[in-house]
Protein chains: 2
Amino acid sequence: MKKEKDNIEYCGQTIIHEDIVKEINDRMLKDETVMALAEFFKVFGDSTRLKILYALSMSEMCVCDLAALLSMSQSAISHQLKVLRQTRLIKYRKDGKVVYYSLDDDHIRRVFEQGLAHVNE
Amino acid sequence: MKKEKDNIEYCGQTIIHEDIVKEINDRMLKDETVMALAEFFKVFGDSTRLKILYALSMSEMCVCDLAALLSMSQSAISHQLKVLRQTRLIKYRKDGKVVYYSLDDDHIRRVFEQGLAHVNE
DNA sequence: ATATCATATGAATAATTGTTCATATGTTGT
DNA sequence: ACAACATATGAACAATTATTCATATGATAT
């Protein structure tokens, strides 16, 4: 049941299973795409932002609401909302001084669900 | 078309739409769950790890292969593989000195797809 | 045993990032 | 115009993290 060792070269620095590396290299994602993807997931990689997103998946909320809900400073929440806005995960509407935030699309709910599915094994 | 401003309180530090905050608070995820989720997504929030995962979604590969493919040091790759192992995203098998890595389940492909869907708008 | 090779790992460093603090912007009501 | 309030933002600081460098481990072949 051993794999063919025939094409195991030396790995001085670089060379190995040349054929495989070449093939995978051809099918690899563009660097640009990978970086965009990383930025996207990075946004989900913070508890505060996840909580905000989860809260907004249930109801639109203003900044004060969110700060109270998460027991965090208005400033901290506002900074994070900016990140979420810039990555187009949330949108907002103004009503006087109050700004109401909500999810930008349902798409995000699905990402969330995939994550939860993995976490809950 | 104005929203009812009736229950807009003052936001001195904390109080606001009390009713909404209370309801959302009750339906909020456990802190433990949120942190696990954040850890999970954090792993996807790095270009190197994304490239590794994408490569492994096409074929199992050894450490040397990956280092060559991504033009990175063996050490850097090895450190990242450790992260991916610890979060159960990849598994490995040994054949002599060579260690072959592969995806742990197809689940990960789906997360990837969701991300790509968002990035490609 | 020893040399060689593939991989792993600890420590150090550089870069990134979340939160706080202080302050600015913009809106409402007087 | 002014005071009060909701939100936004820049700078500073602390914590986290990806990579490099040096070295360790474990396996093969001679």
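Side-chain atoms are counted along with the backbone in the values below, which use heavy atoms only and exclude waters and symmetry mates. Lettering of chains follows the sequences in order, A, B, ..., and the numbering in each one begins at 1.
Here the side chains of B:Leu81 and B:Leu66 are in contact, with some heavy-atom distance below 4.5 Å.
Relative ring orientation between B:Phe112 and B:Tyr54 is described as tilted, the plane-to-plane angle lying within the 30° to 60° band. Between B:Phe41 and A:Phe44, the angle of the ring planes lies from 30° to 60°, which puts this pair in the tilted group.
Rounded to whole angstrom, the span from the NZ atom of B:Lys97 across to the P atom of D:dA27 amounts to 12 Å. Summarising the geometry, the separation between CE on A:Met35 and P on D:dA18 is reported as 15 Å, rounded to the nearest angstrom. Per the geometry, CG belonging to A:Asp46 stands 12 Å off P belonging to D:dT16, to the nearest Å. Here the P atom of nucleotide C:dT28 and the NZ atom of A:Lys94 are 10 Å apart, to the nearest Å. Distance CG (B:Asp95) to P (D:dG26): 18 Å, rounded to an integer number of Å. When rounded to the nearest whole Å, the span between OH of A:Tyr100 and P of D:dA8 equals 13 Å. Atom pair A:Met72:CE and D:dT7:P shows a separation of 15 Å (rounding to whole Å applied). One interatomic measurement links the two molecules: NZ of B:Lys82 to C1' of D:dT25, which rounds to 13 Å at whole-angstrom precision.
Ion pair B:Arg88/B:Asp105 not flagged as a salt bridge, since none of the NZ, NE, NH1 or NH2 atoms sits closer than 4.0 Å to an Asp/Glu carboxylate oxygen.
Under the stacking definition used here (centres under 5.5 Å, planes under 30°), the residue B:His79 fails to qualify as stacked on the base of D:dT19.
For B:Gln74 and C:dA6, the shortest distance from a side-chain N or O to OP1 or OP2 is not below 4.0 Å. Remark: B:Tyr92 is not in phosphate contact with C:dA6, judged by side-chain N or O atoms under 4.0 Å from OP1 or OP2.
Ranked by how close their nearest DNA chain C nucleotide is to the 5' end, A:Val83 and B:Tyr101 are led by B:Tyr101.
For A:Ala76, taking side-chain heavy atoms from C-beta onward, the closest of the listed nucleotides C:dT19, C:dA8, D:dA8 is C:dT19. Closest to the side chain of A:Arg49, from the set C:dG18, D:dT9, C:dT7, is C:dG18.
Minimum interatomic distance between B:Leu116 and A:Leu37 (heavy atoms only, all atoms of both residues): N-CD2, 3.7 Å.
Applying the 3.5 Å distance criterion, the base of C:dT7 shares no donor-acceptor pair with the side chain of B:Ser75. No donor-acceptor contact under 3.5 Å links the side chain of A:Ser73 to the base of C:dC21.
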